[in-house]
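Along the sequence shown, the residues carry numbers beginning at 1. Atoms within each ligand, like the ligands themselves, are counted from 1 in listed order.
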Amino acid sequence: MADFKVLLLDIEGTVCPISFVKVVLFPHALEALPGVLERQWNDPNFAQYRDAFPEEYRDDQGALEQHVRDLVNKDVKMPYLKALQGYLWEAGYASGQIKAPLFPDVAPFMTESQAKGKKVMIYSSGSVPAQKLLFAHTDAEPSDLTPLISDWFDTVNAGPKTSVSSYKTILSTHPDVSPANWLFLSDNLKEVDAALTAGMRSLPVSRPGNPAIPEDHPLFTVAVSDFSTLSQ
Ligand SMILES: CSCCC(=O)C(=O)COP(=O)(O)O
Ligand SMILES: [Mg+2]
């Protein structure tokens with residue numbers, strides 16, 4: 001499995017614990033939201049985030065805030081929510097209040113893969129700016145892993161993560177690389193299935209805190225719990 005040319009990584013439940021997203025990032029954004037709405041509602045720098053929301057929320061701070069809370073509570077991956085979350089996380093990362101806890105095998109595997117001439121790419125429901133913030137502020141050494149990453153995909157430039165067409169869109173960005181030479185790693189079995197259907201190789205990732213992969217699932221026996229097992 002180690003002879004891939006492109007490593008495509010999911011984030012939540014794959015490179016970092018689900019709890020970091022659900023218990024740290026999402027609450028942090030909700031805590032920051034009221035103050036940002038109060039201070040920046042008419043700020044031109046905030047306009048792109050506010051105007052991305054459905055029309056009924058663009059002129060009502062309270063309605064927009066409640067809509068955000070509803071979406072987060074349901075873990076709805078709407079692109080306008082993901083863009084706003086990335087904006088709300090920016091100050092937290094910059095201040096050092098937020099640092100991404102990567103599983104210990106992740107940074108060494110990314111580093112080794114890139115050093116061996118493989119491309120390392122990210123595909124997450126989090127916005128590309130949010131992905132770059134996360135990988136620029138990790139608990140690895142060095143903390144900034146963005147130099148290792150060549151491409152960034154989210155639900156805006158690729159599409160929904162459980163759609164086969166999204167993986168075909170991602171494949172089309174590097175037509176010189178055979179789909180069989182891509183390896184997509186994700187905790188989400190539906191995402192893994194969609195990637196496989198698109199022609200990529202893909203493996204489910206089993207991490208502490210992830211929902212258990214059913215023992216009768218066809219991919220149960222090949223689930224990855226330590227990326228070092230994928231090294232040549
Ligand atoms: C970029 S960190 C925030 C990740 C996020 O918002 C999310 O919904 C996680 O989705 P993933 O596709 O990375 O499992
Ligand atoms: Mg995930």
Identify, for atom 13 (O) of ligand 1, the protein heavy atom at the shortest distance, and state residue, atom and that distance. Ser124 OG, 2.7 Å
Has Lys168 got more than 12 heavy atoms of other residues, nucleotides or ligands less than 6.0 Å from its NZ? no
Between Lys132 and Asp144, does any NZ, NE, NH1 or NH2 come within less than 4.0 Å of an OD or OE carboxylate oxygen? no
Any nitrogen or oxygen of Lys77 lying under 3.5 Å from a nitrogen or oxygen in ligand 1? Just yes or no. yes
Which bit of Ile11 gets closer than 4.0 Å to ligand 1, counting heavy atoms only: side chain, backbone, both or neither? both
Under 6.0 Å between ring centres, would you say that holds for Phe227 and Phe103? no
I need the contact type for Phe26 against ligand 1. Using non-hydrogen atoms and a strict under-4.0 Å cut-off, is it side chain, backbone, both or neither? side chain
Give, for atom OH of Tyr167 and atom CG of Leu196, the distance between the pair rounded to the nearest 0.5 Å. 9.5 Å
Exceeds 12 heavy-atom contacts within 6.0 angstrom, atom NZ of Lys5: no
Side chain, backbone, both or neither: Trp89 near ligand 1, heavy atoms under 4.0 Å: side chain
N, O or S of Glu12 under 2.8 Å from the Mg ion (ligand 2): yes
Could you tell me whether some N/O pair between Ser127 and ligand 1 is separated by less than 3.5 angstrom? no
Do Arg69 and Tyr57 form a cation-pi contact, if we require the NZ or CZ to be under 6.0 Å from the six-membered ring centre and within 45 degrees of the ring's axis? no
With the Mg ion (ligand 2) as the apex, the OD1/OD2 angle for Asp187 and Asp10 - to 10°: 70°
Should you measure from each heavy atom of Leu134, which atoms of ligand 1 turn up under 4.0 Å away? 2 (S)
I'd like to know whether ligand 1 has Tyr123 as a neighbour, heavy-atom separation below 4.0 Å. no
Say whether Lys161, considering both its backbone and side-chain N or O atoms, lies within less than 3.5 Å of an N or O atom on ligand 1. yes
Contact partition for Asp10 relative to ligand 1, non-hydrogen atoms under 4.0 Å: side chain
Answer yes if the side chains of Asn188 and Ser186 hold a donor-acceptor pair under 3.5 Å, and no otherwise. no
